[in-house]
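Note that the structure is a prediction, hence the values are computed from the model and not measured. Numbers restart at 1 for each chain; the letters A, B, ... are given by sequence-line order, proteins then strands.
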Amino acid sequence: MVKHMEGNHIKIQSVENGLILENVHDFNAKHIFECGQCFRWKRSADGSYTGVAYGKVINVKSDEENNSVRLLNTNIEEFNQIWFEYFDLGRDYGKIKKKLSEDSVLNTAIKYGEGIRILKQDPWEMLISYIMSANNRIPMIARSISLLSEMYGQPINYKGETFYAFPTAEELSKAQLCDIEKCKAGFRCKYIFKAIEMVQDGTIDLDYIKTIDIESARQELMKIPGVGIKVADCIMLFSMQKYGSYPVDVWIKRVTEHFYLHEDVPMKAIHVFAKDKFGDMAGFAQEYLFYYAREMKIGSSKGENK
DNA sequence: TTGCAGGGGTCAA
DNA sequence: TTGACCCCTGCA
């Protein structure tokens, strides 16, 4: 079977309990799963990653030498239905990188995270996950999501281990605030509780928000408590294909100031800069810069580049 | 050993 | 514009 990407084509081969994708360019599992866009993928000793998305568990291993990717615990139907889009395989990242590389900073940044792809994740899951991210650390966020899924999500068995799907709004609507608090998300629990209610009663319609322009979508998302500019931008970039979004967290603020603005500026100035400089490709630029900043510890008090 | 700052921001004053 | 905020880790 052959599946078309923009300007290229992927060859798909069925193997025992999975698929081998060949002729896949710009796909590095470490870069994809560790660039900060997702919380539910865990690395194994063999360099593969196992995770839960859209109610399925799969194992992913990329081989950059041979431009191939191995997916385990799936099949062609599921690949066509879920994973082709999830991994954004219809997009030519080579073209994006070429364009962004005209900028010398990005030219360097891209060398570090050359295999990044922006996953098309579920808006509901991103909403709750990024509410949890406020003033929090990645391992803590991952733990809270995991606890919430264990309490309210559907169990999925894979190789003798039980994984849990991210719970739907309906499944979570059965929870009281004191139940949500068991996921140890602290002061964010009350925001999550309210977000569940707003989505469940239709005050917030994520499907609709996905269809409207980026500015309106941001305003709409920010009606949810616990959702500010940064969280709204993450939701839009990681689950609504709004690639002009440039989520500004501490790392992005540091790296933008360090390389481009050369001084401490207000948050608003960073957004204006990104829109001018990167336009509708700002989201891709953000991911390369984020990965680079973290790898190099740029601007951090512990970094060598301060 | 205990204590305290601070973290993928947001909210309220 | 500035602190407080849950929970937890790292570092005196």
(message) What is the distance, to the nearest angstrom, from the NZ atom on A:K190 to the P atom on B:dC11?
(response) 10 Å
(request) Starting from P on C:dT2, measure out to CG on A:N135 and report it in whole angstrom. (result) 17 Å
(request) Check the distance between B:dG9's P and A:H271's NE2 and give it to me in whole angstrom. (result) 12 Å
(message) If stacking means aromatic ring centre less than 5.5 angstrom from the base's six-membered ring centre, planes under 30°, is A:F290 stacked on B:dG8?
(response) yes
(request) Among C:dC6, B:dT10, B:dG8, find the nucleotide with the atom closest to the side chain of A:V231. (result) B:dT10
(request) May I ask you to check whether over 12 heavy atoms, not counting those of A:E170, lie within 6.0 Å of atom CD? (result) no
(request) Name the nucleic acid region contacted by A:P225, choosing base, sugar-phosphate or nothing; use a 4.0 angstrom heavy-atom cut-off, strictly under. (result) sugar-phosphate
(message) Requiring both pairing distances under 3.5 angstrom, list the stems that contain DNA chain B and are made of three or more consecutive Watson-Crick or G-U pairs.
(response) B:2-7 with C:7-12, B:9-13 with C:1-5
(message) Before we go on, tell me: are the rings of A:F39 and A:Y130 under 6.0 Å apart, centre to centre?
(response) yes
(request) Look at the side-chain N and O atoms of A:R143 and state whether any lies under 4.0 Å from the OP1 or OP2 oxygen of C:dC8. (result) yes
(message) Output the rounded distance in Å from CD1 (A:I229) to P (B:dC11).
(response) 10 Å
(message) Donor-acceptor check, side chain of A:Y246 to backbone of A:F284, threshold 3.5 angstrom: yes or no?
(response) no
(message) Roughly how many Å apart are B:dG8 and C:dC11, using the P atom of each and rounding to a whole number?
(response) 14 Å
(request) Identify whether any heavy atom of A:Y191 sits under 4.0 Å from a base atom; if not, whether one sits that close to sugar-phosphate; answer base, sugar-phosphate or nothing. (result) sugar-phosphate
(request) Find the distance A:I180:CD1 to C:dC6:P and express it as a whole number of Å. (result) 16 Å
(message) Between A:D233 and A:K230, does any NZ, NE, NH1 or NH2 come within less than 4.0 Å of an OD or OE carboxylate oxygen?
(response) no
(request) For the side chain of A:I141, starting at C-beta, report the closest nucleotide among B:dG8, C:dC8, B:dT10. (result) B:dG8
(message) Could you tell me how far B:dA13 sits from C:dC6 if I compare only their P atoms? Round to whole Å.
(response) 15 Å
(message) So that I can tick it off, tell me whether A:E171 and A:K174 are bridged by a salt bridge, with the cut-off set at under 4.0 angstrom between side-chain N and carboxylate O.
(response) no
(request) Using atom NZ of A:K268 as one end and atom P of C:dT1 as the other, report the distance to the nearest whole Å. (result) 11 Å
(request) Can you label the angle between the A:Y158 ring and the A:F163 ring as parallel, tilted or perpendicular, going by 30° and 60°? (result) tilted
(request) Look at the side chain of A:R137 and decide which nucleotide, out of C:dC6, B:dG9, B:dG7, has an atom nearest to it. (result) B:dG7
(message) Using a 6.0 Å cut-off, check whether atom CZ of A:F273 has over 12 heavy atoms from anything other than its own residue.
(response) yes
(message) Students often get this wrong, so: under 4.0 angstrom with heavy atoms, is A:F238 touching a base, only sugar-phosphate, or nothing?
(response) nothing
(request) Starting from P on C:dC6, measure out to CG on A:L147 and report it in whole angstrom. (result) 18 Å
(message) Ignoring hydrogens and geometry beyond distance, is the side chain of A:N136 in donor-acceptor contact with the base of C:dC8 at under 3.5 Å?
(response) no
(request) Write down the distance separating the P atoms in B:dT1 and C:dC7, rounded off to the nearest Å. (result) 24 Å
(request) Would you please name every residue forming a ring-ring contact (aromatic ring centres under 6.0 Å, His included) with A:Y152, sequence neighbours left out? (result) none
(request) Mind calculating the distance between CD1 (A:I192) and P (C:dC5) to the nearest angstrom? (result) 19 Å
